[in-house]
Number of protein chains: 2
Amino acid sequence: MSAIYRILLVEDEEHLAEVIRLNLELEGYKVIYARDGVEALKMFKEERFNLILLDIMIPRLTGIDVCERIRLENEDIPILFLSAKNTGEDRVRGLRAGAHDYLTKPFNLEELLLKVSILIKMGLKTTGEISSFNNYQLGDQFIDFDTYTITNQEGQIQLTKKEALLLKLLIEKKNQVVSREEILEKVWGYDVFPSTRTIDNFILAFRKYFKENPRDPRYFHSVRGVGYKFTDG
Amino acid sequence: MSAIYRILLVEDEEHLAEVIRLNLELEGYKVIYARDGVEALKMFKEERFNLILLDIMIPRLTGIDVCERIRLENEDIPILFLSAKNTGEDRVRGLRAGAHDYLTKPFNLEELLLKVSILIKMGLKTTGEISSFNNYQLGDQFIDFDTYTITNQEGQIQLTKKEALLLKLLIEKKNQVVSREEILEKVWGYDVFPSTRTIDNFILAFRKYFKENPRDPRYFHSVRGVGYKFTDG
DNA sequence: GCCTATCTGACAGCATTATGACAAAACAGG
DNA sequence: CCTGTTTTGTCATAATGCTGTCAGATAGGC
């Protein structure tokens with residue numbers, strides 16, 4: 001089951017954009033299109049992508065600005081610059097801003113497709129670590145991800161599938177803030193967008209299971225505007 | 001605790017090789033040198049590297065061959081081709097063989113160093129040796145952008161999202177003045193214009209967190225009429 | 001069709017962020 | 001140096017918008 005990879009294409013020349021989109025779609029990617037910098041940032045905030053193809057000369061904000069802005073929030077997503085400028089200077093500026101690579105127009109289509117594929121593959125590895133522990137000791141409680149149960153002095157609690165997934169994700173990222181977007185992507189999948197309240201409900205459940213005081217949680221911390229963070233004790 | 005990264009340089013022109021090695025060593029890398037394809041493969045088998053810099057036109061086996069063979073055994077190690085040939089064809093051939101990137105001679109030295117650093121960082125992530133690079137040591141305080149915390153002797157401070165963004169921006173532009181406009185654009189967004197006092201409030205908070213004397217700040221300097229500048233120490 | 005799991009929408013409460021007032025400092029020009 | 005003007009530091013308070021919470025709706029498996 002290979003997922004569909006999502007690419008954000010930021011390019012103001014409509015004709016060129018159409019060519020690129022067509023070719024990427026032929027390769028099986030889903031292409032989302034933004035025609036200027038502001039639109040690109042908006043889309044980046046709202047949706048998840050596996051790769052950003054970013055022209056440098058675009059209306060409202062340069063590609064460089066867009067890239068720097070994105071890098072403040074997300075270090076991992078691969079960014080590939082497209083540009084007509086091709087001096088060492090320009091390429092260096094792009095890379096400095098946080099891009100992974102730089103392709104000059106006019107470009108060889110096959111080269112573009114190859115780079116896209118390489119970068120997406122890389123992105124998957126950097127974000128998709130699959131660690132495989134299947135149980136976890138939390139204080140005097142014992143979480144078993146094989147049987148989906150929490151065991152404590154008072155007995156057992158059956159976790160549901162989604163509960164188990166989310167709990168495991170948070171524990172894997174112990175001590176790191178996991179953004180709501182990342183949670184949605186990893187637990188719910190790419191094209192599903194349940195209301196943001198849904199996540200809270202699960203956290204609520206966890207706090208109940210582990211008998212936390214929500215005003216001053218020990219394990220499941222909310223980080224306003226971002227997501228949640230699990231810490232152990 | 002930053003490890004020394006090892007680079008395998010495969011290049012038959014001794015003079016060029018020497019220039020590259022010198023520059024990489026200045027950046028703190030350890031460079032191991034091979035002058036032909038067979039030697040390169042042998043070294044690859046015997047030692048461990050973080051990156052391979054591979055010229056295409058080398059004696060005994062081409063760079064392409066070397067790359068393909070390496071890829072049979074190892075999918076992850078970053079490979080960067082160096083070559084005088086610069087047609088789309090050639091680059092495509094290199095990427096197809098399994099390289100991550102392709103740089104044409106004569107190249108901009110800074111570009112080479114940037115690409116090297118990008119590829120090594122990626123390699124570390126894919127092999128799971130480092131989860132991310134999101135922290136900063138400031139005196140005896142430790143800023144962690146994964147957890148959004150500052151840790152010092154007295155305990156931890158939770159940063160908010162905006163605080164973290166602004167702090168990161170200033171630290172990234174260490175020793176440079178960041179104008180208020182740039183701050184507004186990058187941290188608040190292109191279409192939001194909070195009163196100018198707002199930024200000061202955040203700086204105020206930082207100075208409190210890092211126990212600065214506002215009359216004579218060590219870290220967060222105000223540059224009258226322009227913006228703020230972060231310096232370390 | 002029933003039962004459980006999951007989702008939605010409403011609302012309260014509150015943390016974060018923004019504002020406005022004023023003091024203090026920096027600067028420019030005489 | 002002095003003075004008027006502008007910018008920044010500081011704080012109390014207001015506005016905003018996110019999260020906690022829950023009841024009821026919906027979906028999906030059997």
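Reminder, nothing fancy here: chain letters follow the sequence lines and each chain counts from 1. Side chains included, hydrogens not; waters and symmetry mates left out as well; all remaining heavy atoms used.
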- Ion pair check, Arg207(B) and Asp200(B), cut-off under 4.0 Å: no
- Item | Among Leu51(A), Leu114(A), Ile7(A), the one residue meeting side-chain contact (heavy atoms from CB on, under 4.5 Å) with Leu119(A) | Leu51(A)
- What is the distance from NE2 of His221(A) to P of dG20(D), rounded to the nearest Å? 12 Å
- Where the side chain of Arg197(B) is concerned, which of dG20(D), dC22(D), dT8(D) is the nearest nucleotide? dT8(D)
- Please state whether the base of dT19(C) and the side chain of Asp200(B) form at least one donor-acceptor pair under 3.5 Å? no
- Message: Less than 3.5 Å apart, any donor N or O on the side chain of Glu163(B) or Tyr209(B) sitting next to an acceptor on the other?
- Response: yes
- Message: Looking at Arg224(B), I'd like to know whether one of its side-chain N or O atoms comes within less than 4.0 Å of OP1 or OP2 on dC27(C).
- Response: no
- Task: Would you mind classifying the nucleic acid contact of Thr160(B) as base, sugar-phosphate or nothing, using non-hydrogen atoms under 4.0 angstrom?
- Result: sugar-phosphate
- Message: For a quick test of reading the model: is some side-chain N or O of Trp188(B) closer than 4.0 Å to OP1 or OP2 of dA18(C)?
- Response: yes
- Query: Would one find a side-chain N or O of Arg207(A) under 4.0 angstrom from OP1 or OP2 of dG20(D)?
  - Reply: yes
- Glu172(A)/Lys186(A) ion pair, N-O < 4.0 Å: no
- Report which part of the nucleic acid Val187(B) touches: base, sugar-phosphate, or nothing (heavy-atom distance under 4.0 Å, all strands). nothing
- Which part of the nucleic acid, if any, lies within contact of Phe220(B), taking any heavy atom under 4.0 Å across all strands shown: a base, the sugar-phosphate backbone alone, or nothing? nothing
- Please state whether the phosphate of dG9(C), meaning OP1 or OP2, lies under 4.0 angstrom from any side-chain nitrogen or oxygen of Ser195(A). no
- Message: Just N and O in the side chain of Arg180(B): are any of them under 4.0 Å from OP1 or OP2 of dT8(D)?
- Response: yes
- Task: Select one nucleotide: of dT6(C), dG20(D), dT17(C), the one nearest the side-chain heavy atoms of Phe202(B).
- Result: dT17(C)
- Message: Is there a side-chain contact between Tyr228(B) and the phosphate of dG9(D), meaning an N or O under 4.0 Å from OP1 or OP2?
- Response: yes
- Message: Quiz question: going by heavy-atom distance under 3.5 Å, is there a donor-acceptor pair between the base of dT8(D) and the side chain of Asn201(B)?
- Response: no
- Task: Considering only NZ, NE, NH1 and NH2 on the basic side and carboxylate oxygens on the acidic side, decide whether Glu75(A) and Lys168(B) come within less than 4.0 Å.
- Result: yes
